[in-house]
Amino acid sequence: SHEIRTPLNGIKGFTDLLKQEIKSEELLEYFKCLDNSIERLEKFSLNALAITQLNLGTYKSEFKPTQIDQSIRAVISMLKEEADKKNVEFSTNINQVRINADELLIKSALETIIENAIRFSPDNSKININTRKENNQYICEIKDNGEGFSNTAINNLFNLFSTDHEHMDQNEGLGLALSKLIIDYHQGELLIENLEPTGAKV
């Protein structure tokens with residue numbers, strides 16, 4: 001993580017400086033691509049670090065009363081632009097629930113799961129996010145209308161660097177594995193299943 005982030009800081013710093021000098025709209029579009037690549041590398045680095053710390057038991061947690069419904073809404077707001085590009089809508093039924101949690105970790109898990117739902121949803125579709133309390137447990141369900149997971153993927157979703165698609169450049173190999181570690185860390189359970197005729201539920 002450190003070896004990745006050190007050169008990234010230099011790239012990001014000089015990229016930001018160059019953007020201030022560039023007037024060409026075409027070149028500024030190239031800089032947007034650079035920013036996107038930097039952000040993805042940085043996210044990969046942070047995810048790798050979090051996975052290592054959680055596996056080794058060295059993560060310094062900050063458990064405190066956390067409004068999970070607010071965390072969900074914050075993640076939806078953060079990913080709205082990405083959803084709008086595909087004209088994907090969110091349909092929500094979110095109840096107010098407070099649990100003792102590490103808010104940063106919970107948001108990271110939610111971001112990964114909802115971002116995956118957006119990525120694999122067809123254009124002009126809907127993602128349903130529902131929460132409820134059942135038998136003293138807090139349940140959050142995220143459903144999409146994508147193609148779902150293959151049998152191979154279902155059996156390997158939580159293994160590091162496993163993916164259901166040919167390309168591994170979008171963090172699928174780490175994202176769900178990290179989400180599972182985070183939910184386990186909170187003594188919860190992460191369940192994934194395919195829906196009929198299409199879609200998946202997390």
Side-chain angles (χ1 to χ4, degrees), residues 1 39-40 42-84 86 88-121 125-146 148-149 154 157-160 170-195 199-202:
S1 177
E39 185 180 326
R40 280 166 54 184
E42 191 170 33
K43 185 175 178 182
F44 172 88
S45 168
L46 291 171
N47 282 351
L49 181 61
I51 283 172
T52 303
Q53 291 176 327
L54 287 168
N55 271 327
L56 294 176
T58 59
Y59 183 84
K60 295 179 180 177
S61 58
E62 292 186 20
F63 276 75
K64 59 184 179 182
T66 301
Q67 291 288 146
I68 298 299
D69 49 300
Q70 291 180 8
S71 297
I72 295 171
R73 290 190 176 93
V75 170
I76 289 173
S77 177
M78 182 173 60
L79 295 175
K80 187 178 185 307
E81 185 177 345
E82 192 173 330
D84 287 345
K86 300 179 68 173
V88 170
E89 294 183 7
F90 290 104
S91 174
T92 61
N93 181 17
I94 304 171
N95 299 310
Q96 185 176 1
V97 173
R98 176 184 288 188
I99 66 170
N100 205 36
D102 185 306
E103 187 174 11
L104 191 63
L105 284 181
I106 288 292
K107 276 187 176 178
S108 177
L110 286 167
E111 181 185 351
T112 293
I113 295 165
I114 296 173
E115 196 172 29
N116 278 349
I118 295 170
R119 184 178 300 131
F120 297 116
S121 288
S125 62
K126 188 176 290 187
I127 293 172
N128 294 290
I129 302 177
N130 303 300
T131 65
R132 67 180 186 276
K133 204 164 186 181
E134 193 174 281
N135 298 326
N136 242 7
Q137 291 183 324
Y138 178 68
I139 298 171
C140 174
E141 288 182 345
I142 299 165
K143 299 178 184 178
D144 65 61
N145 296 310
F149 298 93
I154 285 286
L157 280 175
F158 304 131
N159 295 331
L160 292 175
Q170 294 182 331
N171 289 333
E172 289 94 341
L174 288 182
L176 284 176
L178 174 57
S179 298
K180 176 73 162 59
L181 281 171
I182 289 171
I183 301 303
D184 287 348
Y185 188 66
H186 286 81
Q187 299 181 338
E189 193 173 9
L190 182 60
L191 303 172
I192 294 178
E193 63 181 75
N194 285 329
L195 301 173
K201 177 173 73 172
V202 181

(message) Does the plane of the ring in His186 sit parallel, tilted or perpendicular to the ring in Phe63? Use 30° and 60° as the thresholds.
(response) tilted

(message) So, taking the atom named CD in Glu193 and the one named NZ in Lys143, what distance separates them when rounded to the nearest 0.5 Å?
(response) 8.5 Å

(message) Working to the nearest 0.5 angstrom, can you tell me the gap between Leu176 CG and Phe149 CZ?
(response) 6.0 Å

(request) Mind listing the closest non-hydrogen atom pair of Ser71 and Thr66 along with its distance? (result) OG-CG2, 3.9 Å

(request) Return the minimal non-hydrogen interatomic distance between Lys107 and Val75, and the atom names on each side. (result) O-CG2, 3.9 Å

(request) State, with a plain yes or no, whether a side-chain heavy atom of Ile68 is found less than 4.5 Å away from one of Thr131. (result) no

(message) Measuring from atom CD of Glu189 to atom CD1 of Ile139, what distance do you get when rounded to the nearest 0.5 angstrom?
(response) 10.0 Å

(message) Among Ile51, Leu105, Leu110, exactly one meets side chain to side chain contact (heavy atoms under 4.5 Å, CB included) together with Ile182. Which residue is that?
(response) Leu105

(message) Please give me the minimum heavy-atom distance between Ala109 and Ile183, naming the atom from each residue.
(response) CB-CD1, 4.5 Å

(message) Treating Thr52 as the side-chain partner and Ala48 as the backbone partner, does any N or O pair qualify as donor plus acceptor under 3.5 Å?
(response) yes

(message) Rounded to the nearest 0.5 Å, what separates atom CD in Glu115 from atom CE in Met78?
(response) 7.5 Å

(request) Enter the distance from Asp144:CG to Lys126:NZ here, rounded to the nearest 0.5 Å. (result) 14.0 Å

(request) Pick out which of Ile113, Ile72, Asn116, Ile192 makes a side chain to side chain contact (heavy atoms under 4.5 Å, CB included) with Ile142. (result) Ile113

(request) To the nearest 0.5 Å, tell me how far Lys180 NZ sits from Leu54 CG. (result) 12.0 Å

(message) I'd like to know if the side chain of Asp69 and the backbone of Val97 have a donor-acceptor N/O pair within less than 3.5 Å.
(response) yes

(message) Between Ser108 (side chain only) and Leu104 (backbone N and O only), is there a donor and an acceptor less than 3.5 Å apart?
(response) no

(request) List in chain and number order the residues that pass salt bridge (charged side-chain N to carboxylate O under 4.0 Å, His left out) with Arg132, two or more places apart in sequence or in another chain; answer none if no residue qualifies. (result) Glu134, Glu141

(request) For atom NZ of Lys86, decide whether the heavy atoms of other residues, nucleotides or ligands shown that lie under 6.0 angstrom number more than 12. (result) yes

(request) Indicate yes or no for a side-chain donor-acceptor contact from Asn145 to the backbone of Ser121 under 3.5 Å, with no hydrogens or angles considered. (result) no

(request) For residues Ile129 and Ile114, determine if any side-chain heavy atom of one lies less than 4.5 Å from a side-chain heavy atom of the other. (result) yes

(request) Please check if atom CD in Glu82 has more than 12 non-hydrogen atoms from other residues, nucleotides or ligands closer than 6.0 Å. (result) yes

